[in-house]
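Naming convention: chains lettered A, B, ... in sequence-line order (proteins, then strands); numbering from 1 in each chain. Quick note: numbers below take in every heavy atom, side chains included, and nothing from hydrogens, waters or symmetry partners.
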Amino acid sequence: MEKNYDTHRIEDQWYQTWMETGAFHSDHTQGGEPYCVMIPPPNVTGILHMGHALNNTIQDILVRWRRMEGRNVVWMPGTDHAGIATQNVVERALAKEGKTRDDLGRDAFIERVWQWREEYGGTIVRQLKRLGASCDWERERFTMDEGLSEAVAEVFVRLYNKGLIYRANYIINWCPRCHTALSDEESEHQDCVGKLYHIRYPVQGGAKGEYVVVATTRPETLLGDTAVAVHPEDARYADLDQKTIVLPILDRELRVIRDDYVDPKFGTGIVKVTPAHDPNDFEMGQRHSLEQINVMNGDGTMNEAAGPYAGMDRFACRKQILKDLEAQGLIEKIDDHHHAVGHCYRCDTVVEPRLSPQWFVKMAPLAEPALAALENGELNFVPARWNKVYTEWLSNIRDWCISRQIWWGHRIPVFTCTACQHEWAAKGCPDLCPECGAAELSQDEDVLDTWFSSWLWPFSTFGWPDQTEDLACYYPTQDLVTASEIIFFWVARMVMAGYEFMDGLPFDTVYIHGTVRDDAGKKMSKSLGNALDPLDVIKEFSADALRFSLTMLTATGQDVYISKDKFEIGRNFGTKIWNAARFIQMQCGDPPPPASQDSGVTGPDAEAEPRDVVGLPVLDPALLTADDRHLLGKLQQAVIDCSAGLEKYRFNDAAHVLYEFVWHQYCDWYVEYAKETLYGEDVARRNQVLLILHYALGTALRLLHPIMPFLTEELWHAMGYTATIDRKDPAGFIMKAPWPTPWPDQQLTDWGVDAATTEYVERKHELIRLGRTLRADFGIVPNKAIDYIVKPHDAEGATRLESDRASVAALLKAQMLTVDEAFEPPQAMPSSVGGLGTLYMPLAGLLDVEAEVARLGGQLEKVVSGINQITRKLSNRAFVERAPEAVVEQQRENQKELMEKRDKIERLIETIKG
RNA sequence: GGGGGAUUAGCUCAGUUGGUUAGAGCGCCUGCUUGACAUGCAGGAGGCCGGCAGUUCGAGUCUGCCAUCUCCCA
């Protein structure tokens, strides 16, 4: 093995091999319980960002883990057509050529978008591959594919015929830049400091100069006012009921209406009503049969109805109108005002509420089963707090505006007969009117919201409306992994579609992960310029490092704060594992492995026997030391804890378990103990230790594979843990190896892995640390050989230590280590008290008595404060009486132990003082 | 305005149903080119667990209020 491993070559090579061998593919003919995950389809215009990296790392962990467990796994990949975003991108490209989409015409423009997609649409998919995502790429889908388009049309026609789709003149969110309606979810509210303009509206027929004051944040909309409103019980304006108001500038006569909507405490308690430009005013207008006057064009300029302002941009108009009102003395005052303003989620333009004919889906009937799914426990969010968010939204659901005034997307399949005006929905391209048989038909010009195809993703991707065998096999899927931002956009709607069209929910668990932020807590975004490009991180650190670091740092559902140096965690860990493996291989004396022809990546010698690290290791209990047993116990615990972490979606816990086991238990302690044996003469012992080293490494590699797929696959082969020499044989892939399971208790008992041994080794570690600290405290360089004496506290410790002397001596770099239960220091010497015994470090020359007393005094202080705490508890009668027996007993034991330790330290101090 | 989340070591964060003397990584200090690894090894310092009440034998953990920061919805 090479001293440093070439991450990029290895990662590229393994991904290619996995792809070539179809390792990610499965279908209904494969055995095993199905396990299916639907990728949240990224936008085809998208570029991989850290959010994607986290999202897909988590999915890949789940998928690779379940695959190793023997499940029949499909991870369905694909992209969505991102109607508005993609159209924007292509329009921008056209603009550079000095053209608009209208110059091309609808068909040519769509052709152009497809071209763009062919050329650039694969970017994010390639990036996901760099990350190591084990998607079933043979199944890759696109929401504009023929099959998915058919599903969209099928669904539209069904809902239309059921009466759940309707067209209405309604106030929608209009993006004046994209020239299209947006759904409520696509209009993002941002807090803005605006102005609240208080404007005087003269009263008709009142005293001269009588006026009322209305407050508005959008003065330009007053041109569309058709009434003013007050609260029905607001006595202040009782005299207004018989009067009318004059709209400034246009001199339109306005009715005074009374409506509950008006908050008498806000502003002056009187509001202007603009039914065509405000959702609340629209509803008031409905209730009072008010005229709707649209004063704006689709591009945000004022139209003819705006009179003198026709043709001006809405914001220019606002300025001018204020100027004009000011000139007429009609501005009462202008206050600063904080409010939330809708912005287009694609282009960040201020959204304009606008009256226009749009298509809607009636959501209430669809929401019912989706709500029930949560209540009856069929559906679960992890973490559970998202249950409430989902429930709230569904309980107050509003109809979904699904029409978009753009060209790129699924065209609304509604046709109108020119002859008889019959309107109907149909799949495909009907030739004749079903009513009158005329051939002159027109199709609705609008296209559907992109999410109208995404909400069908869990079944349309398997060929629905055809009842395919794969659909029957994999639907419903199991886990959905996504971010909270799209619970409304996507998750809830998929559940609704599942019940409506598949008679059942599309997945049972929704894991919601946090948002990736920069280390200042800002959401990472391209426009803020704080984005870390995952591809750069992969280049600098490796995909494995990116994945491990993200996993380790992301606590369940919490936001994760990232900066570049965080990825050192994963890189360093990878290096550590590589070197541990390299060390073991060096001990085996295997001839240097030959470079394979194509990749130059090294593998095991063709002559070498494969090493089985999957089956039960054949260990001779008579040859096992306490350290061996301790490690086996720790390995067992790591297997249990790692699986438990994954089961509970606590990926950071799983990562921590593996990090702690590999780095600290395996490398820091076991490998160091092992060196004594490996460099020694006892061949039987040596083989035993090598077997454990290999076995533990092999098991750790399998546990790590879902998080760090590349490094583990490479080492699996380089270490010869596969039965096949051929690196392209899937049977030899770690990704196909079985997931480690705990040994039966009896096995551990047979090996002598028990609590007493584990505790002994923990205490031995403590003793070694004490010895090293003594060294450090007395300025003795680490490699200077010195003597130590241990005085064990009891006979059992004495026996264990005596037979284990060599291992302690080695790790203490001791020239001689004496175990002596009766030891009494002939002179004052540095010492420390541990759980196993008292450790002495004889020093040549005189000891600084005062300094040593102070040092031991420090230790004593800690112990005494511990005793005080426990004693306080135990002397509390209520505690002893009411706390569980086991807890009290534990405290008593701790107290006893600490007191013994205190006594020993005190005696040491006495001795030294002489 | 409604709802959620956060507040623990200098920094970034764990801490699952309340129960050992509260942990990790990074950073910091000291010493090490020890025959896997300086992307490393050994040792060390560093915490009134945001504040105030309450429940309890016992609170970082549960409840209420307050403060600060953040997100979602209107």
Side-chain angles (χ1 to χ4, degrees), chain A residues 1 3-4 184-185 188-189 263 266 279-280 339-340 342 383 385-386 388-389 392-393 396 484-485 487-488 514-515 517 519 521-523 541 545 549 552-563 565-566 568-587 644-645 648 650 652-653 655-656 659-660 663-664 667-668 671-672 675 678-679 768-777 779-784 810-813 862-870 872-874 876-884 886-888 890-891 893-895 897-898:
Chain A
M1 281 169 67
K3 179 161 182 190
N4 294 90
D184 292 335
E185 290 71 28
E188 293 185 335
H189 289 270
D263 177 3
F266 184 80
N280 297 307
H339 60 149
R385 68 182 126 93
W386 296 107
K388 198 174 171 187
V389 175
E392 288 287 313
W393 187 75
N396 302 299
S484 60
E485 291 99 272
I487 291 179
F488 309 138
T515 306
R517 300 174 184 282
D519 52 6
K522 290 257 164 48
K523 193 166 166 173
F541 298 94
S549 302
M552 183 108 156
L553 291 171
T554 308
T556 308
Q558 291 299 346
D559 289 351
V560 56
Y561 293 71
I562 285 290
S563 58
D565 55 334
K566 296 284 179 68
E568 290 174 7
I569 299 171
R571 180 199 58 188
N572 295 356
F573 187 45
T575 307
K576 187 75 182 174
I577 299 168
W578 179 264
N579 279 300
R582 199 161 64 92
F583 168 75
I584 295 163
Q585 200 176 62
M586 289 164 84
Q587 301 311 311
K648 288 186 283 189
R650 299 181 67 96
N652 61 325
D653 282 359
H656 258 110
Y659 188 89
E660 158 69 21
W663 203 307
H664 299 302
C667 293
D668 287 351
V671 168
E672 292 307 318
K675 282 178 180 171
L678 294 173
Y679 299 144
I768 290 165
R769 278 201 205 94
L770 288 174
R772 287 167 172 169
T773 307
L774 282 180
R775 226 183 231 277
D777 285 350
I780 297 162
V781 292
N783 54 354
K784 187 182 177 197
L811 267 61
L812 278 178
K813 292 272 175 340
K862 276 188 190 166
V863 174
V864 168
S865 91
I867 292 172
N868 290 342
Q869 260 183 54
I870 295 175
R872 215 173 304 134
K873 272 188 199 173
L874 284 173
N876 181 348
R877 171 101 67 63
F879 171 72
V880 180
E881 279 169 8
R882 307 184 67 161
V887 173
V888 177
Q890 181 69 51
Q891 293 297 323
E893 250 171 66
N894 291 344
Q895 189 192 37
E897 208 169 292
L898 283 176

Next item on the list: Would you mind telling me which of B:U21, B:G40, B:A36 lies closest to the side-chain atoms of A:Met586?
Entry: B:A36

Check: What is the pairing partner of B:G43, taking Watson-Crick or G-U wobble pairs with both distances under 3.5 Å in any strand?
Finding: B:C29

Next item on the list: Can you tell me the pairing partner of B:G58 across any strand shown, Watson-Crick or G-U wobble, with both distances under 3.5 angstrom?
Entry: none

Check: Can you tell me how far C1' of B:C13 sits from CZ of A:Arg650, to the nearest Å?
Finding: 13 Å

Notebook entry, point to check: Roughly how many Å is it from CG in A:Asn868 to P in B:U21, rounded to a whole number?
Noted result: 12 Å

Next item on the list: Assess A:Lys576 against A:Tyr659: is NZ or CZ under 6.0 Å from the centre of the six-membered ring, and within 45 degrees of the ring's axis?
Entry: no

Note to self: Any non-hydrogen side-chain atom of A:Phe573 less than 4.5 Å from a side-chain atom of A:Met552?
What the structure shows: no

Next item on the list: Select base, sugar-phosphate, or nothing to describe what A:Val671 touches, counting heavy atoms under 4.0 Å on all strands.
Entry: base

Check: Of A:Gln869 and A:Ala581, whose closest RNA chain B nucleotide lies nearer the 5' terminus?
Finding: A:Gln869

Next item on the list: Give none if B:U63 has no partner; otherwise give the nucleotide forming a Watson-Crick or G-U wobble pair with it, both distances under 3.5 Å.
Entry: B:A53

Checklist line | Rounded distance (Å) that lies between atom P of B:U21 and atom CG of A:Leu874 | finding: 10 Å

Next item on the list: Would you mind classifying the nucleic acid contact of A:Asp668 as base, sugar-phosphate or nothing, using non-hydrogen atoms under 4.0 angstrom?
Entry: sugar-phosphate

Next item on the list: Quote, to the nearest angstrom, the P distance that separates B:G51 from B:A59.
Entry: 15 Å

Next item on the list: Name the closest nucleotide to the A:Phe583 side chain, picking from B:A36, B:A45, B:U39.
Entry: B:A36

Notebook entry, point to check: From B:U39, B:A36, B:G43, pick the nucleotide closest to the side chain of A:Arg772?
Noted result: B:G43

Next item on the list: For residues A:Gln585 and A:Arg582, determine if any side-chain heavy atom of one lies less than 4.5 Å from a side-chain heavy atom of the other.
Entry: no

Margin query: Could you tell me how far apart A:Asn652 (CG) and B:A14 (P) are, to the nearest whole angstrom?
Written below: 8 Å

Notebook entry, point to check: Among B:C37, B:U56, B:G3, which is the nearest nucleotide to the side chain of A:Lys388?
Noted result: B:G3

Margin query: For A:Ala878 and A:Thr773, find the nucleotide of RNA chain B closest to each by heavy atoms; which residue's nucleotide sits nearer the 5' end?
Written below: A:Thr773

Margin query: Between A:Trp393 and A:Ile487, is there a side-chain heavy-atom distance shorter than 4.5 Å?
Written below: no

Check: Closest heavy-atom contact between A:Val781 and A:Arg775?
Finding: O-NH1, 2.9 Å

Next item on the list: Rounded off to whole Å, could you give me the NZ-to-C1' distance for the A:Lys784 and B:C32 pair?
Entry: 16 Å

Item checked: Complementary nucleotide of B:G35, counting Watson-Crick and G-U pairs under 3.5 Å -> none

Next item on the list: Could you tell me whether the side chain of A:Glu672 has a donor or acceptor atom within less than 3.5 Å of a complementary atom in the base of B:A36?
Entry: yes

Check: Between B:C37, B:C72, B:C57, which one does the side chain of A:Ala883 approach most closely?
Finding: B:C57

Next item on the list: Compare the minimum distances between each of B:C73, B:A36, B:G19 and the side chain of A:Pro884, then state the nucleotide with the smallest one.
Entry: B:G19

Next item on the list: Let me know the distance between CG of A:Asn572 and P of B:G25, rounded to the nearest Å.
Entry: 12 Å

